[in-house]
Structures are given as structure tokens and as C-alpha cells.
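We count residues from 1, following the sequence as given. Note that this is a predicted model, so its numbers are computed, not measured.
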Amino acid sequence: VQTCALPIYLVNVEATDNLTASSDLEIWHLIYDANGILVASKENGKKVTISNKGKYDVYVTCQDEEGNVAYGQYTLIVE
């Protein structure tokens, strides 16, 4: 049995803030497996390689210069 891991492009998130320039917002994707274990954390727009098939919960965090954080969530399915 051979396992092949493919790079996956994550959703590229665009965000705006009333005080912080969009280019200065820090956006990260935190990827958790079905057991709730963090398997990867990637900057916005980067690729991630996931070796195991399955369903992953991805939390996207966005932080402004003042330290305020907002987040969203999506599901990633690797087949």
C-alpha cells in the first residue's frame, strides 16, 4: 500500500478592518482532525499537505494590530 500526500490550497480569506490595513491583518488556518488534534497551522494563501484521508475542521483566525481576533470555520474533506 502506498500513500500519496497532495498539497492542498486552502481557502484564501480576504478581510477588512476599520483601523488596520488589510495587508497588516494576520490570517491563519488551524486544521484539526476528527479527533480534535491540531495537524497543521498555515498562513492565509499557503499550501498544506495532508497525508490521511478524512474530514478536517479548519478554523480561520484573523487578528488586527490591536490584538482583536475574529474567526470562522469550514470543513475540509480529503479523499
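- Between Ala15 and Leu25 the shortest heavy-atom distance is O-CD1, 3.6 Å.
- Taking hydrophobic clusters as Ile, Leu, Val, Met, Phe, Trp and Tyr residues chained together by side-chain heavy-atom distances below 4.5 Å, Val58 shares a cluster with Val48.
- In this structure, Thr20 and Glu65 approach most closely via the heavy-atom pair OG1-N, 3.3 Å.
- Side-chain contact check for Val60 versus Tyr71: every heavy-atom pair is 4.5 Å or farther apart.
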Determine whether Lys47 and Thr49 satisfy the following criterion, side-chain contact (heavy atoms from CB on, under 4.5 Å), listing intermediate values before the conclusion.
CA-CA 7 Å; Lys47 293 186 293 186; Thr49 301; over 6 Å; no
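- A donor-acceptor contact closer than 3.5 angstrom is absent between the side chains of Asn68 and Gln63.
- Asp64 CG to Asn18 CG: the interatomic distance, rounded to the nearest 0.5 Å, is 8.0 Å.
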Identify every side-chain donor-acceptor pair in residues 27-40 under 3.5 Å, counting partners at least two apart or on other chains, and give the distances.
residue	atom	partner	partner atom	Å
His29	ND1	Tyr74	OH	3.2
His29	NE2	Val11	O	3.1
His29	NE2	Asn44	OD1	2.9
Asp33	OD1	Asn35	N	2.9
Asp33	OD1	Gly36	N	3.1
Asp33	OD1	Ile37	N	2.9

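- At least one side-chain heavy atom of Asp57 sits under 4.5 Å from a side-chain heavy atom of Thr75.
- Under a cut-off of 6.0 angstrom, the local environment of CD in Glu66 is sparse, with at most 12 non-hydrogen atoms contributed by other residues, nucleotides or ligands.
- Put simply, the side chain of Leu76 reaches to within 4.5 Å of the side chain of Ile50, judged on heavy atoms.
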